[in-house]
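The structure appears below as structure tokens.
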Amino acid sequence: MDSSKSMEPSEFSSPLISTEGYGGNDGVHYEEKKHKGSWLVPPSLILSTFVAVSGSYVFGSAVGFSSPAQAGIIYDLNLGVAEYSLFGSIMTIGAMIGAIISGRIADYTGRRVAMGFSELFCILGWLAIAFSKVVWWLCVGRLLIGCGMGILSYVVPVYVAEITPKNLRGAFTTIHQLMICCGVSLTWLVGAFLNWRILALLGTIPCLVQLLGLFFIPESPRWLAKFGHWERSESELQRLRGKDADVSQEATEIRDFTEALQRQREASIIALFQLQYLKSLTVGVGLMILQQLGGVNGIAFYASSIFITAGFSGSIGTIAMVAVQIPMTVLGVLLMDKSGRRPLLLISASGTCLGCFLAALSFFLQDLHKWKEFSPFLALVGVLVYTGSFSLGMGGIPWVIMSEIFPINVKGSAGSLVTLVNWFCSWIVSYAFNFLMSWSSAGTFFIFSSICGFTILFVAKLVPETKGHTLEEVQASMNPYSTKR
């Protein structure tokens with residue numbers, strides 16, 4: 001299969017799955033037909049998604065915390081650059097720990113329990129930061145939040161993907177990224193006016209919202225099917241689709257695909273490195289590496305200092321980022337199931353490449369002492385182009401694709417590995433960023449621009465289009481040998 005082209009419906013065929021009746025060619029999805037005359041999007045699906053992505057907001061608020069809190073923490077606790085870099089990056093180490101256990105927890109306890117477990121880590125972490133008097137206690141709190149985020153970053157998009165119908169899956173899963181952006185943006189804005197300790201206490205509120213909301217939402221029907229709870233799986237599916245929806249065809253498809261996968265052993269991380277999973281693993285891991293090495297967490301963690309280094313107001317620059325970030329993420333959500341994943345990724349990667357190049361050019365001109373009045377605005381434009389472009393696609397779509405391409409029997413191990421790789425690369429960037437900027441601000445952004453340029457080629461050649469297909473169809477195509485009888 002030429003994966004550089006969008007997958008046609010015929011490419012999603014398998015011995016187990018028939019695309020007939022799923023709207024593969026006529027563009028009318030069966031879920032939409034079933035809901036005519038009733039709620040197009042059932043309230044239970046909206047509530048379940050909202051509760052899940054409350055965890056995404058926690059994720060965003062933790063990422064956004066270090067930028068507005070930087071000056072206050074350094075002054076109050078008398079920290080140096082190296083110590084604050086450790087505080088800023090240690091969250092990613094915790095996230096790596098959380099990533100390692102995320103798949104297993106989500107597989108053995110269920111998606112809801114995994115989300116609840118993660119929030120306990122986050123609440124303890126925020127409290128530790130809020131009441132810290134010494135730097136090591138501050139780092140312990142940041143590490144605990146990281147552990148929770150490592151679990152959340154895997155389980156939230158997986159849960160949302162597993163509960164939504166195919167015609168809504170892309171948009172609903174991308175709400176994960178939208179809420180991350182909201183968390184980052186609002187934390188930046190509120191942090192400009194509040195003490196960092198109060199800001200940390202406010203971080204516990206969305207944690208409690210998700211923790212309490214988990215008692216009112218259903219478990220993933222696909223997770224229930226994996227463990228043979230067929231009746232409950234169909235019951236929860238009915239609840240998610242609406243009481244008047246006919247879920248028999250979807251339930252049968254889930255059951256047939258799950259039964260075929262149950263004939264195989266649960267794959268470990270080592271077992272993932274087999275030919276049958278090679279394509280899924282390459283796409284999933286590759287997107288996560290390129291997403292992070294493109295510099296996003298360096299820019300997000302230290303946005304204010306970037307603008308100051310460029311000779312621009314840190315507060316105005318940060319507010320401008322907020323003004324760009326949220327609308328572009330909303331646009332990405334709206335376009336996800338219309339334009340498809342690949343076109344948005346290609347546009348997004350192109351924009352991040354251009355944004356980093358403009359920022360690099362700004363710092364390069366400063367080094368040459370040319371266009372001194374113009375270069376700060378060029379840096380602002382570059383960072384805003386990068387932020388808007390990243391929010392459009394590269395921020396959320398890798399997580400959407402990760403939640404779609406791995407079969408249920410390897411999803412836990414694969415999800416842990418992919419999430420671990422993401423956070424490891426995030427740690428590299430967030431820890432090294434300040435040192436790279438000290439070496440060469442222009443060089444730092446030229447490196448990021450080059451990586452973003454490579455991302456364009458990777459997406460064009462390897463990433464498939466998954467829009468408009470069920471999870472079972474996508475997984476059967478990406479892993480053609482995993483479902484053979």
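Atom-to-atom distance recorded for C207:SG and I123:CD1 is 5.0 Å, nearest 0.5 angstrom. Between atom SG of residue C452 and atom CG of residue L290 there is a gap of 8.5 Å, rounded to the nearest 0.5 Å. Taking SG of C425 as the start and CH2 of W427 as the end, the distance is 11.0 Å to the nearest 0.5 Å. With rounding to the nearest 0.5 Å, the separation of CG in N422 from OG in S153 is 6.5 Å. Remark: M288 CE to L293 CG distance equals 13.0 Å, nearest 0.5 Å. The OG atom of S48 sits 13.0 Å away from the CD atom of E162 when rounded to the nearest 0.5 Å.
Pairs engaging residues 394-407 under the side-chain hydrogen bond (donor to acceptor under 3.5 Å, both in side chains) rule: R169-E404, R341-E404, E404-T466 [sequence neighbours left out]. Evaluation of the ring-ring contact (aromatic ring centres under 6.0 Å, His included) test over residues 341-360, restricted to residues two or more places apart or in two chains, returns F357-F446. Residue pairs meeting the side-chain hydrogen bond (donor to acceptor under 3.5 Å, both in side chains) criterion with at least one member in residues 325-334, sequence neighbours excluded, are S185-Q325. Pairs of residues two or more places apart, or lying in two chains, never qualify as salt bridge (Lys or Arg N to Asp or Glu O under 4.0 Å) while including a residue from residues 343-363. Sorted by first and then second residue, the salt bridge (Lys or Arg N to Asp or Glu O under 4.0 Å) pairs with a member in residues 282-299 form an empty list; sequence neighbours excluded.
Under the 30°/60° scheme for interplanar angles, the aromatic rings of F458 and F454 are found to be tilted.
Side-chain atoms of E234 never come within 3.5 Å of backbone atoms of A251 as a donor-acceptor pair (strictly under, hydrogens ignored). Side-chain atoms of R239 do not come within 3.5 Å of backbone N or O of S44 as any donor-acceptor pair. Here the side chain of R142 pairs a donor or acceptor atom with the backbone of A62 at under 3.5 angstrom. Within the 3.5 Å criterion, the main-chain N or O of G395 finds a donor-acceptor partner in the side chain of Q291.
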Cut-off 3.5 Å, no hydrogens considered: what does the side-chain donor-acceptor table look like for residues 94-103, sequence neighbours left out?
from, atom 1, to, atom 2, distance (Å)
S102, OG, A99, O, 2.8

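Minimum heavy-atom separation, V51 to L214: CG1-N, 3.7 Å. Counting all heavy atoms, side chain and backbone alike, C356 lies closest to F448 at SG-CB, 3.6 Å. Taking both residues in full, the closest heavy atoms of P42 and L240 are given as CG-O, 3.3 Å, listed atom of the first, atom of the second, then distance. Taking every heavy atom of both residues into account, L152 and G55 meet most closely at CD1-O, 3.5 Å. The two residues G125 and L144 come nearest to each other via the heavy atoms CA-CB, 3.8 Å. The shortest non-hydrogen separation linking S426 to Q292 is CB-OE1, 3.3 Å.
Under the side chain to side chain contact (heavy atoms under 4.5 Å, CB included) criterion, V324 pairs with M328, L384, sequence neighbours left out. Applying the ring pair (Phe, Tyr, Trp, His ring centres under 6.0 Å) rule to W223 yields the partners F227; only residues at least two apart in sequence or on another chain are considered. Not counting sequence neighbours, the partners of F59 by the ring pair (Phe, Tyr, Trp, His ring centres under 6.0 Å) test are W423. Considering only residues two or more places apart in sequence or on other chains, V113 meets the side chain to side chain contact (heavy atoms under 4.5 Å, CB included) condition with T109. Here S56 pairs with H176 under the side-chain hydrogen bond (donor to acceptor under 3.5 Å, both in side chains) rule; sequence neighbours left out. The side-chain hydrogen bond (donor to acceptor under 3.5 Å, both in side chains) test applied to R255 returns E259, not counting sequence neighbours.
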Please walk me through it: do E236 and H229 pass side chain to side chain contact (heavy atoms under 4.5 Å, CB included)? CA-CA 11 Å; E236 299 287 46; H229 305 304; over 6 Å; no
Are T49 and L45 close enough, and set up right, to give a side chain to side chain contact (heavy atoms under 4.5 Å, CB included), and what steps lead you there? CA-CA 6 Å; T49 303; L45 180 60; 4.2 Å; yes
Stepwise salt bridge (Lys or Arg N to Asp or Glu O under 4.0 Å) check, R232 with E219: CA-CA 9 Å; R232 188 180 168 199; E219 184 54 84; 5.8 Å; no
Evaluation steps, side chain to side chain contact (heavy atoms under 4.5 Å, CB included), between I299 and V383: CA-CA 8 Å; I299 294 171; V383 172; 4.2 Å; yes
Show your reasoning for whether side chain to side chain contact (heavy atoms under 4.5 Å, CB included) applies to V463 and L287. CA-CA 9 Å; V463 177; L287 281 175; 4.0 Å; yes
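Here the side chains of Q177 and F390 are in contact, with some heavy-atom distance below 4.5 Å. The shortest side-chain heavy-atom distance between M394 and L345 falls under the 4.5 Å cut-off. The side-chain heavy atoms of M149 and V63, taken from C-beta on, include a pair separated by under 4.5 Å. Using a 4.5 Å heavy-atom threshold, the side chains of L178 and C182 count as touching. Between V418 and F406 the shortest side-chain heavy-atom distance falls below 4.5 Å. Side-chain contact between T352 and T455: absent, with no pair of heavy atoms (C-beta onward) separated by less than 4.5 Å. For the pair I175/V160, no side-chain contact is recorded, criterion being any heavy-atom separation below 4.5 Å from C-beta on.
When each of L361, L358, I306, L436 is paired with F445, the side-chain contact (heavy atoms from CB on, under 4.5 Å) condition holds for I306 and for no other. Shown are F433, F363, F435; of these, the side-chain contact (heavy atoms from CB on, under 4.5 Å) with T444 is made only by F433. For the side-chain contact (heavy atoms from CB on, under 4.5 Å) with T173, the lone residue among V400, V158, V156 that qualifies is V400.
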